[in-house]
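Have a look at the structure below, then the notes.
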Amino acid sequence: KNEVEQSPQNLTAQEGEFITINCSYSVGISALHWLQQHPGGGIVSLFMLSSGKKKHGRLIATINIQEKHSSLHITASHPRDSAVYICAVRGATNKLIFGTGTLLAVQP
Amino acid sequence: NAGVTQTPKFRILKIGQSMTLQCTQDMNHNYMYWYRQDPGMGLKLIYYSVGAGITDKGEVPNGYNVSRSTTEDFPLRLELAAPSQTSVYFCASSYSSSLNSPLHFGNGTRLTVT
């Protein structure tokens, strides 16, 4: 079993829908990252959090340390949100452990 | 700032050839990392560095070498390329490992070994 599991693996949504991507982890962590990888490959850091909730534009990230779970929400989704969303946790060794990503396609 | 710059973007190698993937950052970041990304797998750490002159192995270091002679540059060397090294390679940097220090990634190098 992977230490970081994401669900769903693939997600197709219609423009305007509210989207949730989930990340569960099995190790103790000091921080959790959400990353976005666009077609063409570049990776961008979206959020880094250790508790509570962060918001940036239409993106919201939450984390529940007790349940070892984080969610990434996208409100009013748009085709330009189509990308792979990757969850990564910083564990006890201070190194990042990555999930395998969620492929999101937002259709107009 | 250019951020993290990786070269080349694409490369095809024959088995046994060697090459260096270049990575440079202009943000004065202390931490630099090399990852590989294989289909259906999460990124795996190859090597990392916490500052000039200091490097350490990650999860999958075999077949690779690195050096960090300056803060800006962190090249990754493949000495005897093998088909198992076919992958997409990403260099990343951060100022520190703290919560206020996000990761910055390069655009990746797609390497094929045949």
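For clarity, every value in this text was computed on a predicted model and none was experimentally measured. In what follows, every heavy atom counts, from backbone to side chain, and hydrogens, waters and symmetry copies are set aside. Below, chains carry the letters A, B, ... as their sequence lines are ordered, and counting in each starts from 1.
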Task: Point-to-point distance, once rounded to the nearest 0.5 Å, from CD of B/Gln37 to CD of A/Gln37 - done: 4.0 Å

- [ ] Please look at A/Leu35 and chain B and tell me whether the side chain, the backbone, both or neither of the residue comes under 4.5 angstrom of a heavy atom of that chain.
- [x] side chain

Task: A/Glu67, CD atom: more than 12 neighbouring heavy atoms under 6.0 Å - done: no

Task: Approximate separation, where rounding is to 0.5 Å, of B/Ser94 OG and A/His33 NE2 - done: 8.0 Å

Task: Minimal non-hydrogen separation, B/Tyr35 against A/Leu96, with atom names - done: OH-CD1, 3.9 Å

Open item on the list: Do B/Leu13 and B/Val88 sit in one hydrophobic cluster, given that two such residues count as connected whenever their side-chain heavy atoms are within less than 4.5 Å of each other, even indirectly?
Closed with: no

Task: Over 12 non-hydrogen atoms of neighbours within 6.0 angstrom of CD1 in B/Ile12 - done: no

- [ ] Could you please state which residues from residues 99-108 of chain A sit under 4.5 angstrom from chain B, measuring non-hydrogen atom to non-hydrogen atom, sorted by number, or 'none'?
- [x] A/Gly99, A/Thr100

Task: Inter-chain contacts: residues 73-90 of chain A against chain B, heavy atoms under 4.5 Å - done: A/Ile86, A/Arg90

Distance-only criterion, 3.5 Å: show the donor-acceptor pairs between side-chain atoms of residues 104-114 of chain B and protein atoms not counting sequence neighbours.
unit_1: B/Thr109; atom_1: OG1; unit_2: B/Gln6; atom_2: NE2; d: 3.3
unit_1: B/Thr109; atom_1: OG1; unit_2: B/Pro8; atom_2: O; d: 2.6

Task: Crowding at CD, A/Gln9 (>12 non-hydrogen neighbours, <6.0 Å) - done: no

Task: Residue B/Tyr95 excluded, over 12 heavy atoms near OH under 6.0 Å - done: no

- [ ] Check the hydrophobic clustering (I, L, V, M, F, W, Y; side-chain heavy atoms under 4.5 Å; chains of links allowed) and say if B/Leu43 and B/Leu103 are grouped together.
- [x] yes

Sequence neighbours excluded and cut-off under 3.5 Å, please list the side-chain donor-acceptor pairs for residues 64-71 of chain B, or say none.
unit_1: B/Tyr64; atom_1: OH; unit_2: B/Arg36; atom_2: NH1; d: 2.8
unit_1: B/Tyr64; atom_1: OH; unit_2: B/Tyr89; atom_2: OH; d: 2.7
unit_1: B/Arg68; atom_1: NE; unit_2: B/Thr70; atom_2: O; d: 3.2
unit_1: B/Arg68; atom_1: NE; unit_2: B/Thr71; atom_2: O; d: 3.4
unit_1: B/Arg68; atom_1: NH1; unit_2: B/Asn30; atom_2: O; d: 2.8
unit_1: B/Arg68; atom_1: NH1; unit_2: B/Ser49; atom_2: OG; d: 2.7
unit_1: B/Arg68; atom_1: NH2; unit_2: B/His29; atom_2: O; d: 3.1
unit_1: B/Arg68; atom_1: NH2; unit_2: B/Asn30; atom_2: O; d: 3.1
unit_1: B/Arg68; atom_1: NH2; unit_2: B/Thr71; atom_2: O; d: 2.8
unit_1: B/Thr70; atom_1: OG1; unit_2: B/Glu72; atom_2: N; d: 3.4
unit_1: B/Thr70; atom_1: OG1; unit_2: B/Asp73; atom_2: N; d: 3.2
unit_1: B/Thr70; atom_1: OG1; unit_2: B/Asp73; atom_2: OD2; d: 3.2

